[in-house]
Amino acid sequence: MKVVLQNLTKIFPSRNKKANEEVIAVNDFTFEIPDGKLIGLLGPSGCGKSTTLYMISGLQKPTGGRIFFGDDDVTELSPENRGIGLVFQNYALYPHMTVKQNILFPLQNLKGADKMDKDVMLERAYQAAKLVQIDELMDRKPSELSGGQQQRVAIARALVKMPKVLLLDEPLSNLDARLRLQTREEIRRIQKETGITTIFVTHDQEEAMSISDMIVVMKLGVLQQIGKPQEVYDDPANLFVAKFLGTPPINVFAGEVKGGKLYLGEDAVLDVPGVDDRKVTVGIRPEGFVPAENGAMVCNLSNVEVMGRDVSVVSTHPASLNPQIRSIVDADNKIADAATVRFALKPHKVFLFDAETEERIRF
Ligand code: ADP
Ligand code: MG
């Protein structure tokens with residue numbers, strides 16, 4: 001099921017009457033989520049991810065704009081009538097019910113024409129449980145399950161009604177690191193197997209990048225960029241997006257363009273044809289540095305961390321806006337134990353931004 005957001009906006013009234021500062025949690029979102037894809041809604045805490053998800057689910061009413069599922073305008077529909085499945089960060093299982101009863105619950109509540117026979121409900125519950133691989137645990141209570149198993153039950157409960165759209169709000173946040181990795185792969189597998197259009201909310205860029213067909217990067221209620229994870233990483237629209245994606249994060253410098261060359265301090269480090277003379281903010285990905293004897297960029301070497309396949313070179317530079325520069329280079333490079341290290345730069349790993357607006361300047 002395709003989901004379309006049209007000028008979707010949510011304004012919360014001020015919590016403090018005196019301050020009278022309303023919050024624009026979601027500011028004029030217009031985008032389309034293609035049928036059968038997994039979309040990651042990504043941004044720092046407070047940027048409006050949950051609010052967007054709750055409006056799509058019907059739990060919150062938009063201040064403005066419309067929501068379509070396929071060609072149907074669902075903006076005024078109640079959550080029960082939208083055909084959605086919801087999973088939250090805290091699993092919210094009924095503690096006094098067994099796993100089976102928890103999964104059956106949404107089916108038992110169906111009314112009218114949707115009412116189901118007991119056998120059909122049971123079969124559906126077992127199908128959903130199999131999909132998330134908890135069909136062996138059907139008679140346990142939630143307290144007898146691990147966090148990861150509980151979250152699988154919550155996913156099975158969301159899937160049992162065969163939703164048209166699956167909405168997941170930071171579903172992995174309460175799991176430990178290993179389970180988080182494993183469960184996110186599970187979610188991806190289930191999504192592919194079922195083909196259910198899925199919207200996955202997270203503040204974790206690596207998580208979003210690794211499982212999404214498309215990511216939507218948000219900041220303070222404003223949409224920053226939409227695209228395939230690799231495309232957004234390789235071609236960020238602004239400094240915020242460039243900084244938000246990637247580990248280790250992008251290195252940021254204050255630079256200046258003069259006569260078609262990019263200067264970091266005294267060093268002309270790269271040709272940037274077609275860019276007018278101006279001050280710029282420069283982002284260089286860690287993998288954009290190539291150790292080279294005559295490299296144009298001269299950094300003060302702090303230390304070298306060997307990580308097997310790669311080497312992480314930590315250095316400083318007067319034009320750097322971060323305390324340290326972190327570059328990742330192939331372990332075949334011999335980094336001499338000296339006071340300085342010189343780098344050549346890979347042009348497609350260097351991004352220029354307007355020093356004021358932080359919008360991308362292309363070259
Ligand atoms: P996220 O899920 O990205 O962390 P939210 O969607 O929860 O962000 O919140 C977006 C903004 O809206 C935040 O500034 C938050 O404080 C505000 N907000 C969320 N819910 C309410 C509410 N019920 N009343 C007032 N402000 C809210
Ligand atoms: Mg949230």
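Position 1 is the first residue of the sequence, and the numbers go up from there. Just so it is clear, the structure is predicted and the values come from calculations on it, not from any experiment. For ligands, and for the atoms within them, numbers begin at 1 and follow the listed sequence.
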Does a side-chain N-to-carboxylate-O contact under 4.0 Å join [X] and [Y]?
{"X": "Arg66", "Y": "Asp73", "answer": "yes"}
{"X": "Glu193", "Y": "Arg189", "answer": "yes"}
{"X": "Arg278", "Y": "Glu356", "answer": "no"}

Worked check of salt bridge (Lys or Arg N to Asp or Glu O under 4.0 Å) between Glu206 and Arg184 = CA-CA 11 Å; Glu206 203 227 320; Arg184 87 181 184 206; 3.2 Å; yes
Which of Lys346, Arg326, Lys349 passes salt bridge (Lys or Arg N to Asp or Glu O under 4.0 Å) with Glu287? It is Lys349
Under 2.8 Å from the Mg ion (ligand 2), which protein atoms of type N, O or S occur, listed by chain and number?
-> Ser50 OG
Neighbouring protein residues of ligand 1 - any heavy atom closer than 4.0 Å = Phe12, Arg15, Val23, Ala25, Pro44, Ser45, Gly46, Cys47, Gly48, Lys49, Ser50, Thr51
Can you label the angle between the Phe244 ring and the Phe240 ring as parallel, tilted or perpendicular, going by 30° and 60°?
-> parallel
How are the rings of Phe253 and Phe289 set relative to one another: parallel (under 30°), tilted (30 to 60°) or perpendicular (over 60°)?
-> tilted
Have a look at Ser302 and tell me which of Val313, Val314, Ile325 forms a side-chain contact (heavy atoms from CB on, under 4.5 Å) with it.
-> Val314
Cationic tip of Arg362 within the cone over Phe351's six-membered ring, i.e. under 6.0 Å and within 45° of the normal?
-> no
